[in-house]
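Below you'll find the structure, written out as structure tokens, and then a few comments.
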There are 2 protein chains.
Amino acid sequence: MSSSPTITPLIHKLARRDALSDEERSVLAGLLGPERHVPAGGLLVEPGDRPGFSTFLVSGFCARYSLTVDGGRQLTEVNVPGDFVDLHSLLMRQMDHGVVALGDCVIAPAAHADLRRLTESHPHLARLLWLETVVDGAIHRQWLVTMGQQNAASRLAHLVCELYRRLESAGLARDYRFSIPMTQVDLGDVLGLTPVHVNRVLMDLRQQGLLEWRAGLVTIPDWDSLVSLGQFDPTYLRLQSDVV
Amino acid sequence: MSSSPTITPLIHKLARRDALSDEERSVLAGLLGPERHVPAGGLLVEPGDRPGFSTFLVSGFCARYSLTVDGGRQLTEVNVPGDFVDLHSLLMRQMDHGVVALGDCVIAPAAHADLRRLTESHPHLARLLWLETVVDGAIHRQWLVTMGQQNAASRLAHLVCELYRRLESAGLARDYRFSIPMTQVDLGDVLGLTPVHVNRVLMDLRQQGLLEWRAGLVTIPDWDSLVSLGQFDPTYLRLQSDVV
DNA sequence: CGGTCGAACTAACCTAGATCAACGCCCGCC
DNA sequence: GGCGGGCGTTGATCTAGGTTAGTTCGACCG
């Protein structure tokens, strides 16, 4: 069980928030189990599940979703490589939502028993993981603000800005372009819009030269304008150090 | 510094989720500092603050809010007595949002230094507090679902159901009635609606015999219908035991 | 090589909710 | 005892986004 390269994104991510000792790094290295592949559209977790482990996203993209009784689907967060998609299931045993693979994903489990043991033996690491779940909450709050106060174009702009910064920070985006396997239907489920209207907004932003989103490839020709349209302020993502 | 009655709602709340030892109870009892009063409309925390303590709501109601550049205000959670309103500030130092008193409030601080010490010495308690922040995230997710998928009337119905169950669980509501100092403007800021439309929806539900909301006093004549209108399922609130 | 399926795109029409503008009520204040 | 400011209420009008019902195009497949 030597440390696999799987874990390095997690170490990088936590170390960006606060310094990690060598010992802490080696504890993290022992946390993840064997990798597993999930095809596009597959479910990593289903609502109501009581998993015995939390799932770490090694590569690919997935999203948390909830279904409504009348057939609606709302995506409540998009996860990028380096994220724990359901770390909170350590505390809240039964999943209140599912997680769907947007494209092909590689995931690795971290057993709850090990995580619980970690909270006993390594409180500083535990606080860093706690912070991960707290940042999820901050992302949710920000999405609530955009849903409640901004129109479709602003919401879309905000989402693209958030994804770009998070991917950039994970080393998966640069030069204002990135690729992500989300269809216009998926976007509608994130933004609370119909696919038809997503398309209209997308065409509109394209014509204004603010955004290209074609075949999973996103290009941002005018970052500043997109930021101001989406009223995007990245503070809530806590991508810089924030000692805990 | 003997234990004040201030702390008992917190002990009750945590004990509802998992058994607490006498020693854990006494640690909690030593956590809260002296009470402070905040008048209606006052700010418990402002965006950008870096508080050295987390604020516990002893009595009254408050709400987390974010402001947008064009003058909008979005309330992202309503807090009821027994809630920590900014427990996450222990991890995420700088506040990404503010907290406003909806009516007169009594609050008590828990020093971050003490909380951090608690995570070292009492991991089980730490996990219970972690769960508190995780439940906040679940509430945010549920609100995202209602914002994205439900119309004004359903959103309002859902909010009232959530408030009733949370207040009931805190011993502050029974017989399908409770009082809460929220104006129609506040409701609009929660639901992402204009006060005008909140009023129309309220009048409508009143005429249908589903809901009375007058002068801060809420009455639910037909709980089942309100639940089904709001598609309310209380699981996400974790009001029952959920061993951690 | 035609057939099917998923995804992007388009157009015509419709409604939930916003906007704007009053008006009444109550309560605290000068 | 008048008066100004929240708060609730109402009506007329407007618009962002939903609904319905397509077309197009490329990828895969038998």
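The model shown is predicted, which means the values in this text are computed figures rather than measured ones. Here is the naming used below: chain letters follow the sequence lines, and residue numbers restart at 1 for every chain.
No donor-acceptor contact under 3.5 angstrom links the side chains of A:Gln142 and A:Asp233, judged on distance only. At a cut-off of 3.5 Å, with distance as the only test, a side-chain donor of B:Glu162 or B:Trp143 sits close to an acceptor on the other residue. Side chains of A:Ser66 and B:Arg141: no donor on one and acceptor on the other come within 3.5 Å. A donor-acceptor contact closer than 3.5 angstrom links the side chains of B:Ser154 and B:Asn151. Side chain to side chain, B:Asp70 and A:Gln231 meet the donor-acceptor criterion of an N or O pair below 3.5 Å. Inspection of the B:Gln74 and B:Thr68 side chains reveals no N or O donor paired with an N or O acceptor under 3.5 Å.
Across all strands shown, B:Gly216 has no heavy atoms under 4.0 Å from either base or sugar-phosphate atoms. Contacts of B:Arg200 with the nucleic acid, taken as non-hydrogen atoms under 4.0 Å apart, include base atoms. Residue-level contact check: A:Gly188 touches neither bases nor backbone, having no heavy atom under 4.0 Å from any strand.
B:Leu202 has its CG atom 7 Å from the P atom of D:dT9, to the nearest Å. The CG atom of B:Leu191 sits 11 Å away from the P atom of C:dG17 (whole-angstrom rounding). Protein atom CG of B:Leu217 is 13 Å distant from nucleotide atom P of D:dG8, rounded to whole Å. The CG-C1' distance, from A:Asp204 to D:dG17, rounds to 13 Å in whole Å. B:His197 places its NE2 atom 6 Å from the P atom of C:dA18, with the value rounded to the nearest Å.
Considering only side-chain N and O atoms, A:Arg206 lies nowhere under 4.0 angstrom from the phosphate OP1 or OP2 of C:dA8. Distances shown here put every side-chain N or O of A:Asn199 at or beyond 4.0 Å from the OP1 or OP2 atom of C:dA8. Phosphate contact (OP1/OP2 of C:dC9, side-chain N/O of A:Arg214, threshold under 4.0 Å): present.
When each of B:Asp222, B:Thr219, B:Val218 is paired with B:Leu211, the side-chain contact (heavy atoms from CB on, under 4.5 Å) condition holds for B:Val218 and for no other. When each of B:Asp83, B:Val100, B:Leu167 is checked for a side-chain contact (heavy atoms from CB on, under 4.5 Å) with B:Phe61, only B:Leu167 meets the rule.
B:Arg64 places none of its side-chain heavy atoms less than 4.5 Å from the side chain of B:Leu75.
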Using a cutoff of under 3.5 Å, can you pull out all pairs of nitrogen or oxygen atoms linking the protein to nucleotides 4-7 of chain C, with atom names and distances?
none

Please list, pair by pair, any protein nitrogen or oxygen found under 3.5 Å from a nitrogen or oxygen in nucleotides 20-24 of chain D.
none

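Between B:His158 and B:Tyr236, the two ring planes are parallel [angle under 30°; tilted spans 30° to 60°]. Aromatic ring orientation, B:His88 versus B:His97: parallel (interplanar angle below 30°, classes split at 30° and 60°).
Near DNA chain D, meaning a heavy atom under 4.0 Å from it, residues 147-162 of chain A has A:Asn151, A:Ala152 in order of number. Within a heavy-atom distance below 4.0 Å of DNA chain C, no residue of residues 64-78 of chain A is found.
Listed by chain and number, the residues in a side-chain contact (heavy atoms from CB on, under 4.5 Å) with A:Arg214 are A:Arg206, A:Glu212 (sequence neighbours excluded). In this view, A:Ser59 and A:Val106 satisfy the side-chain contact (heavy atoms from CB on, under 4.5 Å) rule, not counting sequence neighbours.
A side-chain donor-acceptor contact under 3.5 Å links A:Tyr164 to the backbone of A:Tyr176.
For B:Thr194, whose side chain is taken as the heavy atoms from C-beta onward, the closest listed nucleotide among C:dA18, D:dT10, D:dG17 is C:dA18.
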